Amino acid sequence: MIYSFKNDYNSICHPLVLQKLIECQYEQSVGYGLDMHTSKAKELIINKIQHKSEVYFLTGGTQANLVVISSVLRPFEAVICVESGHINVHETGAIEGQGHKVITVKGENGKIRPIDIQGVLEEHVDCHMVKPKLVYISNATELGGVYSTDELKNLYEFCSKNDLYLYLDGARLASALATDYLNYRDLGLYTDIFYIGGTKNGSYSGEAVVINNLALAKDFDYCLKHFGAMLAKGFVGSIPFEVLMSDNLYYEIGKKENECALYLTSKLKELGVSFYYESITNQIFPVITKQEMEALKEDYLFEIWKYISDDKVVIRLVTSFTTTLEICQNFIDYYKRKVKKEQ
């Protein structure tokens with residue numbers, strides 16, 4: 001049986017999430033997020049971040065990014081992100097499709113820095129150019145890094161001083177939190193808006209958008225409806241977060257994912273494999289030969305991240321809530337038996 005390290009949303013959901021959904025299957029709930037499950041999930045999230053915020057449940061990350069950014073920006077305003085940012089690379093021009101320019105900067109190891117933003121501000125100086133207004137980051141980043149508490153605070157303070165909003169894409173937030181480089185409370189203190197990713201962290205789908213800057217929450221429900229993002233069965237979107245935000249499950253999912261990724265990294269390094277990025281979360285980027293890649297493809301699925309020479313390729317392995325250390329060891333054994341043997 002082929003095992004997939006292709007992404008972290010290739011299984012339906014965590015068993016406890018599925019169990020909760022089954023328990024609720026014969027309930028009748030009010031629609032559009034006015035139900036008891038949505039209220040409970042919001043309460044749990046607010047208790048985690050310890051901040052007076054508004055919470056909304058959407059179905060996916062691209063949808064969350066589109067609705068949030070479009071609701072915040074005026075027609076002539078733009079968003080700043082690193083070149084590897086999800087809104088720049090993997091969202092089919094969704095933000096530009098709403099008339100908002102995505103201004104990219106190189107950053108450092110997939111993270112944006114105040115100095116990068118400063119350069120954009122110095123270039124965009126009058127009404128003949130788009131006006132930078134929002135800074136987009138991901139935590140964990142697309143390259144497996146994490147913004148620490150200090151980095152997040154410095155970014156937020158810089159943005160506030162320069163009349164910019166800071167928006168954090170939390171598609172893999174469980175993995176970031178489980179590094180212990182930041183905590184839930186930081187998210188309430190040092191962002192204007194962020195979302196808690198469910199799709200890639202044990203839910204069957206769904207992201208919880210948390211608006212800390214309450215001025216930005218005005219008419220957000222209108223934006224949800226306008227973009228077709230308001231679920232009639234709102235309770236279906238919030239039930240997973242009732243479970244994920246209880247008993248520290250969300251954190252534990254991220255911790256398990258990270259442990260498995262770290263195990264793969266350490267064992268592959270012992271076999272002489274190098275890595276294109278130094279990741280501390282659940283995405284890792286080994287550099288292997290094309291021959292090795294073809295051998296691995298016989299029993300494993302993964303992303304081809306980039307070709308770096310005629311013979312070398314970077315692949316991406318992603319661990320998920322279904323990954324175990326046993327599965328990781330099987331991969332290492334396969335690599336030693338099949339891949340190394342063929343060299």
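None of these values were measured; they are calculated from a predicted model.
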Who passes ring-ring contact (aromatic ring centres under 6.0 Å, His included) against F275, sequence neighbours left out?
none
Heavy atoms only: give me the nearest C24-H37 pair and the separation to one decimal.
SG-CE1, 3.5 Å
Any chance you could lay out the side-chain hydrogen bond (donor to acceptor under 3.5 Å, both in side chains) test for Y334 and D299, step after step, and finish with the verdict?
CA-CA 9 Å; Y334 181 90; D299 277 74; 3.2 Å; yes
Pairs under 3.5 angstrom only: tabulate donor-acceptor contacts from the side chains of residues 210-229 to other protein residues two or more places apart or in another chain.
residue, atom, partner, partner atom, Å
N212, OD1, S53, OG, 2.6
N212, ND2, L187, O, 3.0
N212, ND2, T191, O, 3.1
N212, ND2, T191, OG1, 2.9
N213, OD1, A215, N, 3.3
N213, ND2, D192, OD1, 3.1

Are T104 and V82 side-chain neighbours, meaning at least one heavy-atom pair lies under 4.5 Å?
no
Which heavy-atom pair separates M129 from H124 by the least distance, and what is that distance?
SD-CA, 3.5 Å
The reported gap from CE in M36 to CD1 in I239 (rounded to nearest 0.5 angstrom) is 8.0 Å
Carefully, step by step, assess R74 and E77 under the rule salt bridge (Lys or Arg N to Asp or Glu O under 4.0 Å).
CA-CA 5 Å; R74 298 175 72 183; E77 291 176 335; 5.2 Å; no
Could you pull out all residues at least two apart from E151 that satisfy salt bridge (charged side-chain N to carboxylate O under 4.0 Å, His left out)?
K111
When you compare the side chain of E43 with that of I46, does any pair of heavy atoms fall below 4.5 Å?
no
The residue among T141, N154, L182 that forms side chain to side chain contact (heavy atoms under 4.5 Å, CB included) with Y147 is T141
Shared hydrophobic cluster, I45 / Y184 (ILVMFWY, side-chain heavy atoms < 4.5 Å):
yes
Kindly indicate whether the side chain of M245, heavy atoms from C-beta on, has any atom under 4.5 Å from the side chain of K48.
yes
Below 4.5 Å, heavy atoms only, C-beta onward: do P240 and Y204 meet side chain to side chain?
yes
Sort out for me which residue in Q19, K20, Q25 forms a side chain to side chain donor-acceptor pair (under 3.5 Å) with E23.
Q19
Give me the atom names and distance for the closest heavy-atom approach of G202 to I253.
CA-CD1, 4.2 Å
Under a 4.5 Å cut-off applied to non-hydrogen side-chain atoms, are V287 and V273 in contact?
no
With rounding to the nearest 0.5 angstrom, report the CE to CG distance, M293 to D311.
10.0 Å
Please lay out, stage by stage, how Y300 and F331 fare under the test ring-ring contact (aromatic ring centres under 6.0 Å, His included).
CA-CA 8 Å; Y300 290 94; F331 177 86; 4.9 Å; yes
Going by distance alone, is a donor N or O of one side chain under 3.5 Å from an acceptor N or O of the other, for D169 and N65?
yes
Smallest heavy-atom separation, C260 atom then L325 atom, equals SG-N, 3.9 Å
No-hydrogen, no-angle side-chain donor-acceptor test under 3.5 Å, N258 and T281:
no
May I ask whether L177 and V209 are part of the same hydrophobic cluster, defined by side-chain heavy atoms of I, L, V, M, F, W, Y residues being less than 4.5 angstrom apart, directly or through others?
no
Cut-off 3.5 Å, no hydrogens considered: what does the side-chain donor-acceptor table look like for residues 261-268, sequence neighbours left out?
residue, atom, partner, partner atom, Å
Y263, OH, Q329, OE1, 2.2
T265, OG1, A261, O, 2.9
S266, OG, L262, O, 3.3
S266, OG, Y263, O, 3.0

Spatial distance of atom CD1 (I308) from atom OH (Y276) [nearest 0.5 Å]
6.0 Å
Worked check of ring-ring contact (aromatic ring centres under 6.0 Å, His included) between Y3 and F5
CA-CA 7 Å; Y3 184 81; F5 286 107; 4.9 Å; yes
Residue pair L152, L166: steps toward the side-chain contact (heavy atoms from CB on, under 4.5 Å) verdict
CA-CA 9 Å; L152 195 60; L166 181 61; 4.2 Å; yes
Given the rule in the salt bridge (Lys or Arg N to Asp or Glu O under 4.0 Å) test, do E298 and K338 qualify, once you have shown the distances and angles that lead to the verdict?
CA-CA 10 Å; E298 292 181 19; K338 179 93 176 186; 2.8 Å; yes
From CG (D186) to NZ (K153), nearest 0.5 Å:
10.0 Å
Option from Y32, F235, F241, Y195 for which ring-ring contact (aromatic ring centres under 6.0 Å, His included) with F57 holds
F241
Between R172 and D8, does any side-chain N to carboxylate O distance fall below 4.0 Å?
yes
Min side-chain heavy-atom separation V318-E257 under 4.5 Å
no
Between S279 and Q283, does any side-chain donor sit less than 3.5 Å from a side-chain acceptor?
no
Is L143 linked to Y136 within one hydrophobic cluster, defined over Ile, Leu, Val, Met, Phe, Trp and Tyr using a side-chain heavy-atom separation of less than 4.5 Å?
no
Please tell me if the side chains of V135 and C81 come closer than 4.5 Å, counting only heavy atoms from C-beta onward.
no
Can you tell me how far the CG atom of D116 sits from the CD atom of E83, to the nearest 0.5 Å?
9.5 Å
In plain terms, say whether E278 and K269 are close enough for a salt bridge, that is, a side-chain N and a carboxylate O under 4.0 Å apart.
yes
Cluster link I193 to I112, ILVMFWY, side chain under 4.5 Å:
no
Results of side-chain contact (heavy atoms from CB on, under 4.5 Å) for D150 - residues two or more places apart only
S148
Nearest heavy atoms of L244 and G198, plus distance in Å
CD1-CA, 4.4 Å
Which atom names give the shortest non-hydrogen contact between T59 and L231, and what distance separates them?
CG2-CD2, 3.7 Å
Does atom CG of L301 have more than 12 heavy-atom neighbours, drawn from other residues, nucleotides or ligands, at distances under 6.0 Å?
yes
Cationic tip of K256 within the cone over Y251's six-membered ring, i.e. under 6.0 Å and within 45° of the normal?
no
Any donor-acceptor N/O pair, N10 side chain to N7 backbone, under 3.5 Å
yes
Using the rule that two of Ile, Leu, Val, Met, Phe, Trp, Tyr join whenever any of their side-chain heavy atoms come within less than 4.5 Å, decide whether L296 and W305 are in one cluster.
no
The criterion is ring-ring contact (aromatic ring centres under 6.0 Å, His included); which residues satisfy it with H86, sequence neighbours excluded?
H90
Any chance CD1 of I12 has more than 12 other-residue heavy atoms, nucleotides or ligands included, within less than 6.0 Å?
no
Within-4.5 Å side-chain heavy-atom neighbours: P132 and L121:
yes
Geometric cation-pi criterion K312 and Y307, 6.0 Å radius, 45° cone:
no
Got a salt bridge between K290 and D310, using NZ or NE/NH1/NH2 to carboxylate O under 4.0 Å?
no
As a quick check of understanding, evaluate side-chain contact (heavy atoms from CB on, under 4.5 Å) for Y250 and N201, giving each step before the final call.
CA-CA 7 Å; Y250 193 73; N201 302 278; 3.5 Å; yes
